[in-house]
Amino acid sequence: MNALRVEADESAAKVEELQSRVKALEQENLVKEQEITSLSHKNQILETEVEKLEAGIKEAKAAADESSQHGTQNESLQRKLQMLEDEAEQADKNLRETNEKLRQTDVKAGHYERKVQALESAQNNWETKYEEMAKKYADTKKELDDFVAEIGNI
């Protein structure tokens, strides 16, 4: 009987532990989802910046072609073109990095979702086991009470 009580107490403790673990994983999942949203927004901003920079490069190239006669102006435009190309490369690099981080975050989010599902399943199993043990305990206690009452009548 004491063993049943100890097992029931252990089951209850395990359920509480699993519930707190599920809560922690759900919180972590929420943080990852927020990070995904943030990275998606940053990705959109970088794509817009890349488009602006590419437009600037086109303008600079057109201006450089028109002013090939003017040496000083041409050199200035060449520098501007080089600077815009460098910025475009940097923005493209940032975009690739952001996309990679987004992909990694998606993978992690999926992993944590699977963990949460597994822990919820384990929690349900422990709760079922706890309920069965509580019922067995109640049945055994009733049998014991009946037996004691029967012995008392003898």
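Just so you know, these numbers come straight off a predicted model, no measurement behind them. Keep in mind that the numbers below use all heavy atoms, side chains included, and drop hydrogens, waters and symmetry copies.
Leu4 and Thr140 make their closest contact through CD1-OG1, 4.3 Å (heavy atoms, listed as atom of the first residue, atom of the second, distance). A pairwise comparison of heavy atoms in Leu53 and Ala91 identifies CD1-CB, 4.0 Å as the closest pair. Minimum heavy-atom separation, Thr105 to Ile36: CG2-CG1, 3.0 Å. Pairing each heavy atom of Val116 with each of Leu25, the nearest pair is CG2-CB, 3.5 Å.
Heavy atoms of other residues, nucleotides or ligands lying less than 6.0 angstrom from NZ of Lys101 number 12 at most.
The shortest side-chain heavy-atom distance between Glu143 and Asp146 does not fall under the 4.5 Å cut-off. For the pair Lys108/Glu28, no side-chain contact is recorded, criterion being any heavy-atom separation below 4.5 Å from C-beta on. Counting heavy atoms from C-beta on, the side chains of Glu10 and Met133 never come closer than 4.5 Å.
Considering only residues two or more places apart in sequence or on other chains, Lys141 meets the salt bridge (Lys or Arg N to Asp or Glu O under 4.0 Å) condition with Asp145.
Summarising the geometry, atom CD belonging to Gln78 is positioned 10.0 Å from atom NZ belonging to Lys61; distances are rounded to the nearest 0.5 Å. Summarising the geometry, atom CD1 belonging to Ile57 is positioned 9.0 Å from atom CD belonging to Glu87; distances are rounded to the nearest 0.5 Å. The distance from atom CG of Asn29 to atom CD of Glu26, rounded to the nearest 0.5 Å, is 8.0 Å. Rounding to the nearest 0.5 Å gives a distance of 11.0 Å between CD of Glu49 and CD of Glu51. The distance from atom NZ of Lys32 to atom CD of Gln104, rounded to the nearest 0.5 Å, is 10.0 Å. Interatomic distance, Asp86 CG to Leu81 CG, rounded to the nearest 0.5 Å: 9.5 Å.
Hydrophobic clustering of Ile, Leu, Val, Met, Phe, Trp and Tyr side chains at less than 4.5 Å, counting indirect connections, keeps Leu95 apart from Leu102.
Residue pairs that meet the side-chain hydrogen bond (donor to acceptor under 3.5 Å, both in side chains) test with at least one member in residues 33-47, sequence neighbours left out, are Asn43-Asn99. For residues 121-139, the set of pairs meeting the side-chain hydrogen bond (donor to acceptor under 3.5 Å, both in side chains) definition, not counting sequence neighbours, comprises Arg5-Tyr137, Gln123-Glu127, Lys135-Asp139.
A salt bridge between Arg103 and Glu100 is present, with a side-chain N of the basic residue lying under 4.0 Å from a carboxylate O of the acidic one.
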